[in-house]
Amino acid sequence: MRPDEYRSHDALGLAALVRTGEVTPGELLEVAMQQADAVNPHLNAIIRRMDAQARERLTGPLDGPFAGVPFLIKDLGQDYRGLPTSAGSRALADLPAAEHATVVQRWLDSGLVVFGKTNTPEFGAKGITEPDLFGPARNPWDTSRTPGGSSGGSAAAVAAGVVPVAGANDGGGSIRIPAACCGLVGLKPGRGLVPMGPVQGEAMHGAATHGVVSRSVRDTAAMLDVLSGGEPSGPYVPGTPSDTFLSQVGRDPGRLRIGVCTASSINPEPHPEAVAAVEASARALSDLGHHVEFLDEPPVDDLALARDFLTTWFVYLAWQVDDAKRRSGRKDRSFELDTQIMAALGRAHSSVEYVDTVMRRHDHVRRLSGYFTGYDLLMTPTLADLPPRIGALDTPRVARRAATGLLKTRTAGLLRHSGLVESMIDANLNWIPYTQLANLTGRPALSLPLHWTPEGVPMGVQFTAPLEGESMLLRLAGQLEQALPWDHRQPPAAETGGAGRPR
């Protein structure tokens, strides 16, 4: 199979070729490895190859909806037995996992052939993928820009045609942000639908979940069928629809009431291309018969939600650092400075303050639930700005020096009162103010590749749904995939097998 023929199929399409005998799993794996060899030196998307494990897997029978399809997993939360899950951190880089994560086992049971792990920021704590340990991942559409994060390595690999779909996870936008940056489909399932075990029952009180980034809606839907459902060690048994998620793709979504909002207190002036993405999509939705209404303000106080999100994130990151120390025996110097700063901010909160932050989620949930009494979906840009240039979000040198001094004197908690949190909201959430809502409220949300700038940079559009809204999202996504197709688009790195065009 030629590389261009391989890239022309989605995962279900490749699996169909395997079933009919038109191609073997071994042939698919060799093409995927060749494509990885060609593009990864320029993109740094894959940080661990698992060629030996993949070839060993080909010696046994493969069964399931994705039998024989090459696959990549994220090097965060997706443990593969016997190999380290570094989470982008030096502290965990040599610590092998004792067992497969539940989602990894389900992917293996579906017949996928895992041959590598993808780049991620340390502990997934940023919306970009630039870990000190592995170096930055790059966007196949423009290698001077980020592919997003924290599933940036997976998104870069899929967009560049290494695999048609790859493992991802999302605690604040980490599926949807890279999907938007790289012109892909990215669905964050609702709270609890996909298991996090067996090591953890939940992450971030249920705000984080596993999923995939893909090039087609039907791959995303079929992957949700593979992943969804409870596990014995889970906190509860999630409700699942009577029909498969794949069966929703191609069904008429009916006439939906869609509220559209580009306003954000975090970024009052989103990039014109972010606005253009939503306006063009709104026109297409109206033409399809949906009721589309532009809103003057978001249904939830997004600035208050951002503060609550970051507090939760900082405290959870402090726990992750301490957990990594316990497991590895490493010290603070094993962690990036930014990670140490965020962890120090987390430790500066009292337990009562933290619980107060978590309990305020119910206020956000109630306001969003009130919105959904009048609308079926909320549509926003996925990104408020173009994907940043590599290095653009580095912590300024002056701030790094000040933080280093405070960390050395064990007075880093003072950073909480220095205005640093507000500056971090501005610097790190300014370009992605729309995604955290779905995480803190536990609602499903989907980014679709519905817009490209004149320079050829993708800009996604996000749809947030009420509880159990995954099927509705997939029905609408299938309709939009037909009306505004994107499968003909190829980034320069995929077309040339090279570096792409920096702009």
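Only this structure's heavy atoms are used, side chains among them; waters, hydrogens and symmetry mates stay out.
Enclosure of atom CZ in Arg257 by more than 12 non-hydrogen atoms of other residues, nucleotides or ligands within 6.0 angstrom is indicated. Around the CD atom of Glu468, the shell of radius 6.0 Å holds no more than 12 heavy atoms that belong to other residues, nucleotides or ligands.
Residues Ser228 and Thr240 bring no donor and acceptor atom of their side chains to less than 3.5 Å of each other. Lys74 and Thr118 are not linked by any side-chain donor-acceptor pair at a separation below 3.5 angstrom, with hydrogens and angles left out of the test. Counting only N and O atoms by type, the side chains of Thr85 and Lys117 include a donor and acceptor under 3.5 Å apart. Under the 3.5 Å distance criterion, with hydrogens and angles disregarded, a donor-acceptor pair is assigned to the side chains of Gln462 and Thr380.
Side chain of Thr453 to main chain of Val457: a donor-acceptor pair is present (N/O by atom type, distance under 3.5 Å, no hydrogens or angles). The backbone N or O of Ser265 lies less than 3.5 Å from a partner atom in the side chain of Asp302, making a donor-acceptor pair. Side-chain N or O atoms of Arg176 include none that pairs as donor or acceptor with a backbone N or O of Leu446 at under 3.5 Å. Not one N or O on the side chain of Glu122 forms a donor-acceptor pair closer than 3.5 Å with the backbone of Ala87. Glu470 contributes a side-chain N or O that, together with a main-chain N or O of Gly190, makes up a donor-acceptor pair within less than 3.5 Å. Judged by distance alone, the side chain of Glu130 and the main-chain N or O of Ala137 form no donor-acceptor pair under 3.5 Å. Side-chain N or O atoms of Asp376 include none that pairs as donor or acceptor with a backbone N or O of Ile258 at under 3.5 Å. The backbone N or O of Asn119 lies less than 3.5 Å from no partner atom in the side chain of Asn44, so there is not a single donor-acceptor pair. With hydrogens and angles ignored, the 3.5 Å screen pairs a side-chain donor or acceptor of Asn139 with a backbone N or O of Thr146. Using a distance-only test at 3.5 Å, with no hydrogens or angles considered, no donor-acceptor pair links the side chain of Ser334 to the main chain of Ala91.
Using a 4.5 Å heavy-atom cutoff, the side chains of Leu288 and Gln482 are not in contact. Under the 4.5 Å side-chain criterion, counting only non-hydrogen atoms from C-beta, Val165 is not in contact with Asp10. Taking 4.5 Å as the limit, every side-chain heavy atom of Pro298 sits out of range of all side-chain heavy atoms of Tyr371. Side-chain contact check for Ser150 versus Pro121: some heavy-atom pair is nearer than 4.5 Å. Val162 has its side chain within reach of Leu72: a pair of non-hydrogen atoms, C-beta onward, lies under 4.5 Å apart. In this structure, the side chains of Thr311 and Glu353 stay at 4.5 Å or more apart for every pair of heavy atoms. Counting heavy atoms from C-beta outward, Val365 and Ser369 have side chains that approach closer than 4.5 Å.
Here Phe309 pairs with Trp313 under the ring-ring contact (aromatic ring centres under 6.0 Å, His included) rule; sequence neighbours left out.
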- request: Report the C-alpha separation of Arg138 and Arg145 in whole Å, then their side-chain angles, then the decisive distance to 0.1 Å, and conclude whether the side chain to side chain contact (heavy atoms under 4.5 Å, CB included) test is met.
  value: CA-CA 6 Å; Arg138 295 180 178 272; Arg145 296 185 183 275; over 6 Å; no
message: Determine whether Asp132 and Phe335 satisfy the following criterion, side chain to side chain contact (heavy atoms under 4.5 Å, CB included), listing intermediate values before the conclusion.
response: CA-CA 9 Å; Asp132 290 350; Phe335 304 98; over 6 Å; no
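Atom CG of Asp170 sits about 4.5 Å away from atom CD1 of Ile175, to the nearest 0.5 Å. In this structure, CG in Asp225 is found 11.5 Å from OG1 in Thr220, a value given to the nearest 0.5 Å. Taken from CD1 in Ile266 to CD1 in Ile432, the straight-line distance is 9.5 Å, to the nearest 0.5 Å. Rounding to the nearest 0.5 Å places CG of Leu310 at 4.5 Å from CZ of Phe314. Atom-to-atom distance recorded for Met379:CE and Glu293:CD is 12.0 Å, nearest 0.5 angstrom. Rounded to the nearest 0.5 Å, atoms CG (Asn439) and CG (Leu305) are 9.5 Å apart.
Arg389 and Asp142 are joined by a salt bridge, as a carboxylate oxygen and a charged side-chain nitrogen come within less than 4.0 angstrom of each other. A salt bridge links Lys126 and Asp338; the closest N-O separation between the charged side-chain nitrogens and carboxylate oxygens is under 4.0 Å. With salt bridges taken as basic N to acidic carboxylate O contacts below 4.0 Å, one links Glu202 and Arg191. Look at Asp219 and Arg215 and you find no salt bridge, because none of the NZ, NE, NH1 or NH2 atoms lies under 4.0 Å from a carboxylate O.
Considering every non-hydrogen atom in both Ala166 and Ser154, the closest pair reads CB-CB, 3.9 Å.
Residue pairs meeting the ring-ring contact (aromatic ring centres under 6.0 Å, His included) criterion with at least one partner in residues 256-296, sequence neighbours excluded, are absent. Among pairs with a residue in residues 448-475, those fulfilling ring-ring contact (aromatic ring centres under 6.0 Å, His included) read Trp141-Trp452, at least two apart in sequence or across chains.
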